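One structure below.
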Amino acid sequence: MKDNTTYIAPWRYKKPNFVPNKEGNIVLISKASFGPLEVYEWGIDADNNAFERYEWLENDFYQYENYCITISREALREQIQIVISLFQNNGLTEWTAIYEKILRSKYLEGR
């Protein structure tokens, strides 16, 4: 994985990080916009639940809209399918292959 990021329209996507972060979360999908500065993440949290996280970083105006919620494995699977389609449509075959492998992985199995 030489390039760990790619840009599509206003979004920068980062490749999945299978090493848990300091909160114990495994971030499978990460996209950030720089105008306005905001971040979305989807993955598996420290308690083995699927999650969606949103953070507004531009200024204090919308900071109260930040959230991190538990979602179903099916909702996470749908997000992965959305990025697979996006990467396919933009000719990013390496990225497509990574997310297709995640669809078949332990990350989407139930508890």
Side-chain angles (χ1 to χ4, degrees):
M1 283 195 234
K2 181 183 171 203
D3 295 327
N4 289 325
T5 61
T6 191
Y7 292 85
I8 300 174
W11 297 102
R12 180 195 73 181
Y13 289 85
K14 290 172 57 176
K15 285 187 178 171
N17 187 353
F18 301 105
V19 175
N21 62 19
K22 65 183 179 181
E23 290 86 24
N25 299 338
I26 297 171
V27 178
L28 299 175
I29 302 171
S30 177
K31 72 178 191 177
S33 170
F34 295 101
L37 186 55
E38 57 187 333
V39 176
Y40 284 92
E41 293 179 339
W42 291 268
I44 305 298
D45 68 16
D47 295 323
N48 199 32
N49 295 310
F51 74 88
E52 176 181 331
R53 185 180 80 81
Y54 170 77
E55 188 172 1
W56 173 270
L57 301 167
E58 180 84 13
N59 49 36
D60 294 340
F61 293 128
Y62 298 104
Q63 199 169 22
Y64 60 89
E65 294 184 14
N66 296 350
Y67 64 85
C68 186
I69 58 172
T70 298
I71 60 174
S72 69
R73 287 281 205 273
E74 184 57 34
L76 177 56
R77 187 176 291 109
E78 289 171 9
Q79 285 299 324
I80 292 170
Q81 290 171 333
I82 288 168
V83 296
I84 286 172
S85 178
L86 179 69
F87 295 143
Q88 284 175 335
N89 292 339
N90 284 278
L92 298 166
T93 56
E94 179 187 1
W95 288 70
T96 300
I98 291 167
Y99 284 96
E100 286 174 342
K101 187 175 180 180
I102 290 171
L103 279 180
R104 298 184 305 272
S105 73
K106 66 178 181 175
Y107 296 108
L108 296 180
E109 294 174 2
R111 297 186 98 169

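Because the structure is a prediction, the values reported are computed rather than measured. Computation of the quantities below employed the complete heavy-atom set of this structure, encompassing side-chain atoms and omitting hydrogens, waters and symmetry-equivalent molecules.
Screening Trp95, Tyr7, Phe87, Tyr99 against Tyr13 for a ring-ring contact (aromatic ring centres under 6.0 Å, His included) leaves a single residue, Phe87.
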Pairs of donor and acceptor atoms involving the side chains of residues 74-86, under 3.5 Å and at least two apart or interchain, shall be tabulated with distances.
{"unit_1": "Glu74", "atom_1": "OE1", "unit_2": "Arg77", "atom_2": "NH1", "d": "2.8"}
{"unit_1": "Arg77", "atom_1": "NH2", "unit_2": "Leu108", "atom_2": "O", "d": "3.2"}

I'd like a table of donor-acceptor pairs (distance under 3.5 Å, sequence neighbours excluded) in which one partner is a side-chain atom from residues 20-35, with atom names and distances.
{"unit_1": "Asn21", "atom_1": "OD1", "unit_2": "Glu23", "atom_2": "N", "d": "3.0"}
{"unit_1": "Asn21", "atom_1": "OD1", "unit_2": "Gly24", "atom_2": "N", "d": "3.2"}
{"unit_1": "Asn21", "atom_1": "OD1", "unit_2": "Asn25", "atom_2": "N", "d": "2.9"}
{"unit_1": "Asn21", "atom_1": "ND2", "unit_2": "Glu23", "atom_2": "OE1", "d": "3.4"}
{"unit_1": "Asn25", "atom_1": "OD1", "unit_2": "Ala46", "atom_2": "N", "d": "3.3"}
{"unit_1": "Ser33", "atom_1": "OG", "unit_2": "Gly35", "atom_2": "N", "d": "3.4"}
{"unit_1": "Ser33", "atom_1": "OG", "unit_2": "Pro36", "atom_2": "O", "d": "3.0"}

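Contact annotation: the side chain of Leu92 approaches that of Ile8 to within less than 4.5 Å [non-hydrogen atoms, C-beta and beyond]. At least one side-chain heavy atom of Glu100 sits under 4.5 Å from a side-chain heavy atom of Gln88.
Atom CD1 in Ile98 sits 7.5 Å away from atom CZ in Phe18 (nearest 0.5 Å). Atom CZ of Arg53 is separated from atom CG of Asp45 by 12.5 Å, given to the nearest 0.5 angstrom.
Scored by the side chain to side chain donor-acceptor pair (under 3.5 Å) test, Trp42 finds Glu52 as partners (sequence neighbours excluded).
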Query raised in the report: Which is it for Glu94 and Lys15 under the side chain to side chain contact (heavy atoms under 4.5 Å, CB included) test, yes or no, and what are the steps along the way?
Result: CA-CA 10 Å; Glu94 179 187 1; Lys15 285 187 178 171; 2.8 Å; yes
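Taking all atoms of both residues into account, the shortest heavy-atom contact from Ala50 to Ser72 is CB-O, 3.8 Å.
One hydrophobic cluster, built from ILVMFWY side chains closer than 4.5 Å, cannot hold both Phe51 and Tyr67; they sit in different ones.
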